[in-house]
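Below is one structure, written out as structure tokens, with a few remarks after it.
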Protein chains: 2
Amino acid sequence: MNIGQAAEASGVSAKMIRYYESIGLIARTVRTEAGYRVYSENDVHNLRFIRRARDLGFSVERIGELVSLWRDRSRASTDVKRLALDHVAALEQKAAELQAMADTLRHLAEHCRGDDRPECPIIAGLAAGDLPSPPSRTARKFGGSIGRPPAEHVIDDLPTKA
Amino acid sequence: MNIGQAAEASGVSAKMIRYYESIGLIARTVRTEAGYRVYSENDVHNLRFIRRARDLGFSVERIGELVSLWRDRSRASTDVKRLALDHVAALEQKAAELQAMADTLRHLAEHCRGDDRPECPIIAGLAAGDLPSPPSRTARKFGGSIGRPPAEHVIDDLPTKA
DNA sequence: TTGATCCTTCCAATGATGGGAAGGTCAAGG
DNA sequence: CCTTGACCTTCCCATCATTGGAAGGATCAA
């Protein structure tokens, strides 16, 4: 099986398969004379494992840990469980942080009339508001990436009190 | 005020202030003869605005949109409200996705005895499990970055059925 | 044989931020 | 006056997972 077919079958892009190989997450495969990588059904299975773990939000580094636990026959299920529960806790904390951000922003929006007039408590709230304790660095990553073309935006002068 | 004091006062690091300037989010400041950037109280105010918006999870690009709405005297509050509510919806969706990941993983973990024996439904579930529909690309970013040193990890051979 | 489609490697970009090097500037104290 | 240390400047690099593309070779079907 060539890399393209393995990608199709596993749901991991060919690009990523090569990347996982390069960082040592998966082993180097057999090559054809021409240098093409050759994959077995088992390789595809392994790739699917990785993909599922990624879908559950495990980082590649974490997956490496899972994989080494897996390969180690003498591993105790305690270790896996701890890893999983740590991850559950981290996911839940981040979910809660995002929800808190949403709540804060929704609160601001609720007081915005949303009409043609320029008065807007959202802007005012951002400018002057007391915000709850800042979220974790990771939670911030969730800002944008949802559509709309960029606008020209240079702050020259903002009102000191909105 | 030098950049260090502006950073201290605004909660935005000097590095990030220079970065925001470089991408055009804030205007170029006055410089001293020696080339030092000079900031006013108003600049600090603007930086704080940006920082608060970042804390609410707005991307820099989005903040640019907010800023241009702000600067435009004729902007309608509708526009700001729409931007804010879009953002609320995105935050909530992502929070829900993370929570769903956590639920799935917790479910797997609940069936793990967590003792010395190697049998572990978490690993088995990852290897064979039917996972819910894959989360959004952005939600995946949440995988790792919480501690623990890297382990050696190369998949040579994983069990086909765990 | 030709053209389409695969594969290879290498390089670059993303977003927001931190780290650091190499060098200039400034204020205070000896 | 000169040194010291704290600050500032620009520039480059790293992160993390992933995508994109270019340049060139391989394979396959017509």
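Chain A is the first sequence line, chain B the second, and so forth, proteins listed ahead of strands; every chain is numbered from 1. No experiment lies behind these values; they were computed from the predicted model shown. The analysis underlying the following values was restricted to heavy atoms, covering all of them including side chains, and did not include hydrogens, waters or symmetry mates.
- Residue I50(B) contributes atom CD1, which lies 11 Å from atom P of dT17(C) at whole-angstrom precision.
- In terms of polar N and O atoms assigned as donor or acceptor, the side chain of Y36(B) comes within less than 3.5 Å of the base of dG24(C) in a complementary pairing.
- Of the two residues contacting DNA chain D, namely A34(A) and M16(A), the nearest-nucleotide position lying further toward the 5' end is that of M16(A).
- Rounding to whole angstrom units, CD of residue Q5(B) and C1' of dC26(C) are separated by 12 Å.
- For I17(A) and dT18(D), the CD1 to P distance is 12 Å, given to the nearest whole Å.
- Atom-to-atom, CD of E33(B) to C1' of dC26(C) comes out at 13 Å; the value is rounded to the nearest Å.
- Within 6.0 Å of NE2 in H111(B) there are more than 12 heavy atoms belonging to other residues, nucleotides or ligands.
- The shortest distance between the side-chain N/O atoms of R37(A) and the OP1/OP2 oxygens of dT9(C) is below 4.0 Å.
- Remark: R18(A) is not in phosphate contact with dT19(D), judged by side-chain N or O atoms under 4.0 Å from OP1 or OP2.
- Q5(B) contributes a side-chain N or O that, together with a main-chain N or O of N2(B), makes up a donor-acceptor pair within less than 3.5 Å.
- Between the P atom of dA16(C) and the CG atom of D55(B) lies a distance of 14 Å, rounded to the nearest Å.
- For R51(B) and dA16(C), the shortest distance from a side-chain N or O to OP1 or OP2 is not below 4.0 Å.
- Of the residues K15(A), R28(A), R31(A), the one that meets the salt bridge (Lys or Arg N to Asp or Glu O under 4.0 Å) test with E21(A) is R31(A).
- Note: CD (E21(B)) to C1' (dT10(D)) measures 12 Å, nearest angstrom.
- Relative to the side chain of N2(B), the nucleotides dC8(D), dA17(D), dC7(C) differ in distance, and dC8(D) lies closest.
- Atom-to-atom, CZ of R62(A) to P of dA17(D) comes out at 12 Å; the value is rounded to the nearest Å.
- OP1 or OP2 of dA26(D) has not a single side-chain nitrogen or oxygen of T32(A) nearer than 4.0 Å.
- Between R31(B) atom CZ and dT25(C) atom C1' the separation is 14 Å, expressed in whole Å.
- Mapped onto DNA chain D by nearest heavy atom, G4(B) and K15(B) fall at different nucleotides, with G4(B) at the one closer to the 5' end.
- Under the side chain to side chain donor-acceptor pair (under 3.5 Å) rule, E97(A) has a single partner from Q99(A), Q93(A), K94(A), which is Q93(A).
- For dT18(D), one of the phosphate oxygens OP1 or OP2 lies less than 4.0 angstrom from a side-chain nitrogen or oxygen of R54(A).
- Neither OP1 nor OP2 of dG15(C) sits under 4.0 Å from any side-chain N or O of Y19(B).
- Remark: the backbone N or O of L56(B) is paired with a side-chain donor or acceptor of H87(B) at under 3.5 angstrom.
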